[in-house]
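All values below were derived from every heavy atom in this structure, side-chain atoms included, with hydrogens, water molecules and symmetry-related copies excluded.
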There are 2 protein chains.
Amino acid sequence: MCASPASDRVLHTAASLFYKRGIHAVGVDTVVSASAVAKMTLYKHFPSKDALVAAALDEQGTQWRAWFSAAVEAVAPTAPERILAIFDVLGHWFETEGFHGDATLNAAVELRGTEHPAWEVVRAHQGWLRGFIGGLVAEAGLDEPECTADALYLLMEGAIVGAQVGITAHPAAAARCAAGVLVEVRSVAHRPPREAGHGKARGQGQRQGQEQEEVGQ
Amino acid sequence: MCASPASDRVLHTAASLFYKRGIHAVGVDTVVSASAVAKMTLYKHFPSKDALVAAALDEQGTQWRAWFSAAVEAVAPTAPERILAIFDVLGHWFETEGFHGDATLNAAVELRGTEHPAWEVVRAHQGWLRGFIGGLVAEAGLDEPECTADALYLLMEGAIVGAQVGITAHPAAAARCAAGVLVEVRSVAHRPPREAGHGKARGQGQRQGQEQEEVGQ
DNA sequence: CTGGAGGTAGACCGGTCTGTATACGCTTCC
DNA sequence: GGAAGCGTATACAGACCGGTCTACCTCCAG
């Protein structure tokens with residue numbers, strides 16, 4: 001970061017434009033004119049549009065991760081509370097003006113079926129998210145940590161795209177509600193002495209062999 | 001549907017191509033050559049590419065909804081079981097070759113920040129999904145039906161994008177696991193006679209006034 | 001003073017995009 | 001027979017795309 005003022009301007013402008021309108025919908029000329037930089041300068045710092053996209057996504061993701069983890073940790077002191085605080089922070093984010101979902105998820109959708117340097121950035125960001133939740137789940141000492149962390153991660157992704165699509169009125173609140181149930185049920189304190197064989201079916205592996213024809217979608 | 005054989009071919013080819021490679025990444029010429037139709041014929045049936053995109057998405061969504069509801073209803077006979085069966089059907093779908101997420105979600109991401117006739121198709125499809133789950137939740141007589149149905153809907157969306165991104169090993173199984181917990185806790189049979197004041201905090205409204213700075217993303 | 005590094009401005013190239021226009025079959029039904 | 005309807009083939013228009021090139025400006029260090 002901050003290799004040069006011009007490069008920085010390009011990076012931030014590009015990230016903002018790609019996020020707001022989409023990677024394919026924003027041309028290099030648009031980035032150039034919006035960041036008040038000559039086209040040659042852009043191509044001196046970034047060898048191609050693809051490289052610029054990856055760099056912008058990475059920069060944006062780095063900033064977001066710092067903001068997100070700090071916000072979650074500032075809101076709640078203990079791991080179980082922080083798991084719920086995730087969804088409060090998300091709710092706040094959803095109401096931010098200019099919210100258009102997760103930038104890496106958007107990139108993953110836009111770049112599907114192609115090879116692109118941004119894919120590594122997407123995987124890194126999503127892996128970090130899953131790791132963040134996994135760490136909190138482990139710290140909270142929840143039962144079945146893998147399955148629980150996966151579920152919380154999916155709930156978070158669902159809340160993000162739910163907020164983006166706009167069908168659900170309060171996606172963060174609904175997700176928080178479900179997360180609360182999950183945390184409570186998986187917490188050690190919840191396990192009552194009665195009904196010892198409760199945690200038997202370990203999830204994850206069940207699948208029923210019912211056959212149904214596929215559909216192209 | 002079936003206005004003419006040529007029109008049908010265009011519609012299905014377009015849906016398949018847009019789904020696999022993205023709306024912006026597929027040009028009209030590609031659709032034309034892939035569907036073995038003259039360009040003029042395409043533009044005789046669809047006044048613009050936007051209209052074609054919307055029609056193809058609609059057609060694809062109609063087929064998917066029919067397949068999905070039939071599959072869920074074939075797998076399980078009762079509403080609570082069907083709620084869980086949703087995630088089994090999803091798991092089967094995720095492993096289909098050529099799976100690239102939900103077509104309407106992809107379109108919503110690709111068309112963000114624009115006005116496009118496909119938006120109505122997206123809203124209709126997502127609304128149907130939410131309604132499908134809401135119907136099952138009501139039929140199962142679960143507590144806090146709105147919040148529960150929202151959470152299950154978000155879990156489903158999360159599983160879909162989770163399967164698309166590929167960080168989670170078994171997104172459908174993890175989501176099913178969480179859905180099982182949710183259904184059990186919200187089911188009437190679960191409510192124990194002790195602790196009468198349990199269902200007091202009605203979720204949905206909680207929000208804490210913690211301030212934290214925003215981030216552009 | 002001088003020279004190089006970094007930035008600017010704008011023309012330019014080949015390719016692709018959506019959408020249209022023209023000219024030509026083939027079938028079907030009066 | 002012939003005209004209408006439908007589809008084909010192909011060329012074209014005008015815009016935009018990513019990317020390159022040249023020429024010029026400005027600042028700062030040696």
Under a 4.0 Å heavy-atom criterion, the protein footprint on nucleotides 7-21 of chain C, written with B, S and -, is SBBB-------BBBB
Nucleotides 13-15 of chain D: which of its N/O atoms have a protein N/O under 3.5 Å away?
none

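A donor-acceptor distance shorter than 3.5 angstrom exists from the side chain of B:T148 to the backbone of B:D143, with no hydrogens or angles considered. Side chain of A:K44 to main chain of A:S7: no donor-acceptor pair is present (N/O by atom type, distance under 3.5 Å, no hydrogens or angles). A side-chain donor-acceptor contact under 3.5 Å links A:W119 to the backbone of A:T114.
Nearest heavy atom pair, residue A:T41 against residue A:A6, reads CG2-CB, 4.0 Å. Taking each heavy atom of B:R112 and A:Y19 in turn, the nearest pair found is NE-O, 2.9 Å.
The side-chain contact (heavy atoms from CB on, under 4.5 Å) with B:I167 is formed by just one residue from the set A:H125, A:Q126, A:E157; it is A:Q126.
Using a 4.5 Å cut-off on side-chain heavy atoms (C-beta onward), B:Q63 and B:H12 make contact.
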